[in-house]
Amino acid sequence: MNLILLGPPGAGKGTQAQHLVETRGMIQLSTGDMLRAAKDSGTEMGRVVAEVMARGDLVTDEIVIGLIRERLQGETGGGVIFDGFPRTLAQADALEALLAEQGKTLDAVIELRVDDETLVRRIVGRAREAAAAGQPVRADDNEEAVRHRLMEYYKKTAPLIGYYHAKGLLVSVDGLGAIEEVRAAIAAVLDK
C-alpha cells in the first residue's frame, strides 16, 4: 500500500505516519529527512543537494524526485507513506510518472482535514506549554508564522485535494480528533 498523507502544517501527518511505520511496516518518505540524509551521505546526489542547500537555494523537484526514485528502488515491504511530498500539482504528476516507471501505484491519499482556528490555537498552545516546561520549541510555532504556513499550504498544496479527488484516491478524515480517533479513521481507510 502506497499512500500520501495530506494536510496543513501541524495537522498530525508525522504522528500518524510514524504509527503506520510501527504498526504496518510501512516506510515513511519525509522529503525533509531525505534531503538532510542525502546532504550527509557523500553520494553524487548528496553532493548536489549539499551544494544547493549551501547556496540557500530551494531544492528542485528533479532532485527530490531523484531522491525518491533511489529510495523506492529497494522498497518491497509494507508500502510507502509520502509525507511532505507532493506539495504541488507538478510534483504530483512527477510522482505518478515515477511510480508508473517502477510498476507501482498510489493506493490512497488521506487528507487530515482541520479547522484553521483550532489548529492555530493547538500549535501555539502546544509551543507555549513546551516552552514553559523548558522543552525545545520550533521558532515558527507562533501565531503569525503558523498563519503564514497555512496560507502557503492553501496556495501551493491545497490544489492537490481536488487533483486526487478527481482521480478517486482522496479520503478525508477529521484531523482534529484525538490521536487514537484519527488512527482508527486512517486504519478504516487502509483496511477497506
Side-chain angles (χ1 to χ4, degrees), residues 1-35 59-73 75-116 118-119 122-123 149-192:
M1 164 112 0
N2 299 312
L3 67 104
I4 294 172
L5 290 179
L6 192 60
K13 298 180 299 292
T15 299
Q16 296 302 328
Q18 189 56 45
H19 178 72
L20 294 171
V21 167
E22 292 167 4
T23 60
R24 294 180 181 251
M26 298 179 82
I27 295 170
Q28 179 183 5
L29 293 186
S30 165
T31 52
D33 293 345
M34 290 170 56
L35 288 169
V59 178
T60 65
D61 288 354
E62 291 78 19
I63 291 173
V64 175
I65 285 291
L67 290 172
I68 291 172
R69 177 179 285 111
E70 283 181 1
R71 188 65 177 91
L72 284 178
Q73 285 172 345
E75 193 287 313
T76 57
V80 175
I81 306 158
F82 294 96
D83 174 8
F85 188 86
R87 290 182 187 241
T88 65
L89 293 171
Q91 290 177 353
D93 286 338
L95 178 60
E96 185 174 1
L98 172 61
L99 290 171
E101 162 192 312
Q102 296 197 1
K104 297 176 177 12
T105 59
L106 190 59
D107 300 296
V109 176
I110 300 175
E111 176 199 14
L112 298 179
R113 195 179 54 254
V114 298
D115 171 74
D116 290 353
T118 304
L119 183 66
R122 182 166 79 176
I123 293 171
R149 286 168 29 212
L150 281 170
M151 185 55 65
E152 288 299 303
Y153 169 79
Y154 288 120
K155 285 195 294 196
K156 296 177 181 167
T157 307
L160 294 174
I161 294 168
Y163 177 91
Y164 286 117
H165 173 75
K167 291 183 170 288
L169 294 171
L170 184 76
V171 178
S172 295
V173 301
D174 179 5
L176 289 176
I179 290 174
E180 296 76 23
E181 292 171 347
V182 178
R183 283 180 184 161
I186 291 172
V189 171
L190 299 181
D191 293 337
K192 272 203 256 187

> Which heavy atom in Pro86 sits nearest to a heavy atom in Ala92, and how many Å separate them?
Replying inline: CB-N, 3.5 Å

> Do Phe85 and Leu67 come within less than 4.5 Å of each other through their side chains, counting heavy atoms only?
Replying inline: no

> What's the spacing between Leu170 CG and Tyr163 OH if we round to 0.5 Å?
Replying inline: 12.5 Å

> Where do Glu111 and Val173 land on the side chain to side chain contact (heavy atoms under 4.5 Å, CB included) test, with the steps shown first?
Replying inline: CA-CA 6 Å; Glu111 176 199 14; Val173 301; over 6 Å; no

> Sequence neighbours excluded, which residues qualify as side chain to side chain donor-acceptor pair (under 3.5 Å) partners of Lys155?
Replying inline: Glu152

> Taking the side chain from Gln91 and the backbone from Arg87, do they hold a donor-acceptor pair closer than 3.5 Å?
Replying inline: yes

> What are the two closest non-hydrogen atoms of Leu89 and Pro159, and how far apart are they?
Replying inline: CD2-O, 4.0 Å

>> Hydrogens and angles aside, do Asp116 and Tyr154 bring a side-chain donor and acceptor to less than 3.5 Å of each other?
In response: yes

>> Assess the residue pair Leu72 and Val80 against the criterion (side chain to side chain contact (heavy atoms under 4.5 Å, CB included)); give the C-alpha distance rounded to whole Å, side-chain angles, the decisive distance to 0.1 Å, and a yes or no.
In response: CA-CA 8 Å; Leu72 284 178; Val80 175; 3.6 Å; yes

>> Quick one: does any side-chain atom of Lys104 pair with a main-chain N or O of Asn2 as donor and acceptor, under 3.5 Å?
In response: no

> Quick one: are Leu176 and Val114 in side-chain contact, heavy atoms under 4.5 Å?
Replying inline: yes

> Going through the distances and angles, do Ile186 and Val182 end up as a side chain to side chain contact (heavy atoms under 4.5 Å, CB included)?
Replying inline: CA-CA 6 Å; Ile186 291 172; Val182 178; 4.0 Å; yes

>> Minimum heavy-atom separation for Leu112 and Gly12, please, with both atom names.
In response: CD1-C, 3.8 Å

> Are Phe82 and Thr31 close enough that some pair of their side-chain heavy atoms sits under 4.5 Å apart?
Replying inline: no

>> Please give me the minimum heavy-atom distance between Arg71 and Met34, naming the atom from each residue.
In response: CB-CE, 4.3 Å

>> Quick test of your reading: applying salt bridge (charged side-chain N to carboxylate O under 4.0 Å, His left out), list the pairs with at least one residue in residues 158-185, sequence neighbours left out, ordered by first then second residue.
In response: Glu96-Lys167

> Can Arg122 and Asp115 be counted as an ion pair, charged N to O under 4.0 angstrom?
Replying inline: no

>> Which heavy atom of Ile65 sits nearest to which heavy atom of Leu95, and what is that distance?
In response: CD1-N, 4.0 Å

>> On a heavy-atom basis, which atom in Gly10 and which in Leu119 lie closest, and how many Å separate them?
In response: O-CD1, 3.2 Å

> Hey, mind stepping through Asp191 and Arg24 against salt bridge (Lys or Arg N to Asp or Glu O under 4.0 Å) and telling me if it holds?
Replying inline: CA-CA 11 Å; Asp191 293 337; Arg24 294 180 181 251; 3.0 Å; yes

> Sub-3.5 Å donor-acceptor pair from the side chain of Lys13 to the main-chain atoms of Pro8, do we have one?
Replying inline: yes

> In this structure, which one of Leu6, Ile4, Leu190 forms a side-chain contact (heavy atoms from CB on, under 4.5 Å) with Ile110?
Replying inline: Leu190

>> Quick check for you: to the nearest 0.5 Å, what is the distance between Glu22 atom CD and Gln18 atom CD?
In response: 4.5 Å

> Please walk me through it: do Val171 and Val109 pass side chain to side chain contact (heavy atoms under 4.5 Å, CB included)?
Replying inline: CA-CA 6 Å; Val171 178; Val109 176; over 6 Å; no

